[in-house]
Protein chains: 2
Amino acid sequence: MSSDNRLSRMLHVLIHMDQREHPLTSDEIARMLNTNPVVVRRTMAGLRDNGYVTSEKGHGGGWKLARPLDQLTLLDVYVALGNPPVFALGLADDDPRCLVEQAVNDGLNEALGKARQLLLDRFGKVTLADLAADFRKRFEAHRKRPAKRVS
Amino acid sequence: MSSDNRLSRMLHVLIHMDQREHPLTSDEIARMLNTNPVVVRRTMAGLRDNGYVTSEKGHGGGWKLARPLDQLTLLDVYVALGNPPVFALGLADDDPRCLVEQAVNDGLNEALGKARQLLLDRFGKVTLADLAADFRKRFEAHRKRPAKRVS
DNA sequence: TCATTTCGCAACCCCTGTTGTTACAAGACG
DNA sequence: CGTCTTGTAACAACAGGGGTTGCGAAATGA
């Protein structure tokens, strides 16, 4: 597992939750994600703390969406996960004495900062409803052409 | 180690190499980077294989720049390091059957792809000479005002 | 009341990739 | 030949996401 899949997984789950009436249990979600319920609870905890989903214990319990998908952006979910690092690339020393390294840091920071900003701006503009709409389009196409296309 | 510091380190070293006449040994470089010579050789190997630096054994040996800094971009160095992953974020499944997950992947891939492209485009436009020029500016400023400024 | 369902959470191990370290071979120079 | 220096293999250290087990607590239903 080289990379952090939490955002991807949470988006996936949230859209499924919107498609269903009843709450989803951690166990059901775990099967969707090919993982196990503890990982699900651990990851969803941030979304719960931010009020995007609610969890209920006992019979008939599980996870429910707390707001419509068009009021939830990818950025909201990303932030709810605790702003995990975007880049695998980093600086050798954040506050170096060497003037050469300071110049290098500034050059890299400018490029990384711009890329990060572009990414997060985009995340902030895309709602989960946008992704769900894309899903519905695929679903319609799939009904008409259920055979596998191998391009 | 949360992130990959090789690019940052190599940029740092290459600019120092340009400031000096004689070859730099792995040992000297290691001291600059607060690491040890084996790490230096391992990391510089990619730059050597791409012809950006040369290495010589024995007395008076070490590492030398093989081309001027204005003919070396950050992208060149990045690629010479083997195109390491840019993002710490990734998809749960690269080729999912679930249509919801496909929609999520497309949404994320678009945002990540654009950010990656912006970053690498920028890397391709900045030469090591640009960073060196920034260093020289800092150096001049430092000579006039050597006292620490704490903002 | 009691059993069952379900979340909450701590504690641990596993995996992957960078970094650090030791050891040794091989080439270059005096 | 002796020393300097790179080249490389092998392995430990470390960090962070992910997986697993175990147990507690709350809600439900009989």
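To find a chain, count down the sequence lines: A is the first, B the second, and so on, and within it residues start at 1. Reckoned from all heavy atoms, side chains included, excluding hydrogens, waters and symmetry mates.
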Could you state the [atom1]-[atom2] distance from [X] to [N], rounded to the nearest angstrom?
X: A:Arg48; N: D:dA26; atom1: CZ; atom2: C1'; answer: 13 Å
X: B:Ile29; N: D:dT5; atom1: CD1; atom2: C1'; answer: 12 Å
X: B:Arg31; N: D:dT5; atom1: CZ; atom2: P; answer: 10 Å
X: B:Met44; N: D:dT6; atom1: CE; atom2: C1'; answer: 11 Å
X: B:Lys64; N: C:dA28; atom1: NZ; atom2: P; answer: 14 Å
X: A:Asn83; N: D:dG16; atom1: CG; atom2: C1'; answer: 16 Å
X: A:Leu24; N: C:dT5; atom1: CG; atom2: P; answer: 18 Å
X: A:Leu7; N: D:dG17; atom1: CG; atom2: P; answer: 13 Å

At less than 4.0 Å, is any side-chain N or O atom of [X] found next to OP1 or OP2 of [N]? Yes or no.
X: B:Ser26; N: D:dT6; answer: yes
X: A:Arg41; N: C:dG8; answer: no
X: A:Ser55; N: C:dG8; answer: yes

Out of the candidates A:Asp106, A:Leu108, A:Val104, only one should pair with B:Leu131 under the side-chain contact (heavy atoms from CB on, under 4.5 Å) rule; please name it. A:Val104
Salt bridge check: are B:Arg136 and B:Glu140 linked by an N-O gap of less than 4.0 Å?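 Here B:Arg136 does not pair with B:Glu140 in a salt bridge, since their nearest N and O are not under 4.0 Å apart.
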Pair A:Asp27 + A:Arg31: basic N to acidic O under 4.0 Å: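 Yes.
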Does one side chain, of A:Arg41 or A:Ser26, offer a donor that lies under 3.5 Å from an acceptor on the other?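 Indeed, the side chains of A:Arg41 and A:Ser26 share at least one donor-acceptor pair under 3.5 Å.
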What nucleotide, of C:dC7, D:dG17, D:dA9, holds the atom closest to the side chain of A:Thr25?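 The closest nucleotide is C:dC7.
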Selected nucleotide, minimal atom distance to A:Lys57 side chain, candidates D:dG19, C:dG20, D:dA26: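 Nearest nucleotide to the side chain: D:dA26.
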Any chance you could lay out the salt bridge (Lys or Arg N to Asp or Glu O under 4.0 Å) test for B:Asp121 and B:Lys125, step after step, and finish with the verdict? CA-CA 6 Å; B:Asp121 281 358; B:Lys125 278 172 193 148; 5.2 Å; no
Could you say whether B:Asp27 or A:Gly60 is positioned toward the 5' end of DNA chain D, judged by the nucleotide with the nearest heavy atom to each?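 In this pair, the answer is B:Asp27.
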Given DNA chain D, 5'-ward residue of the pair A:Glu56 and B:His59, judged by closest heavy atom: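 It is B:His59, whose closest nucleotide lies nearer the 5' terminus.
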Counting any heavy atom closer than 4.0 Å, what does B:Arg42 reach on the DNA or RNA strands: base, sugar-phosphate only, or nothing?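 Base contact.
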May I ask you to say what B:Asn36 touches in the nucleic acid, namely base, sugar-phosphate or nothing, with a heavy-atom cut-off under 4.0 Å?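 Here B:Asn36 touches the bases of the nucleic acid.
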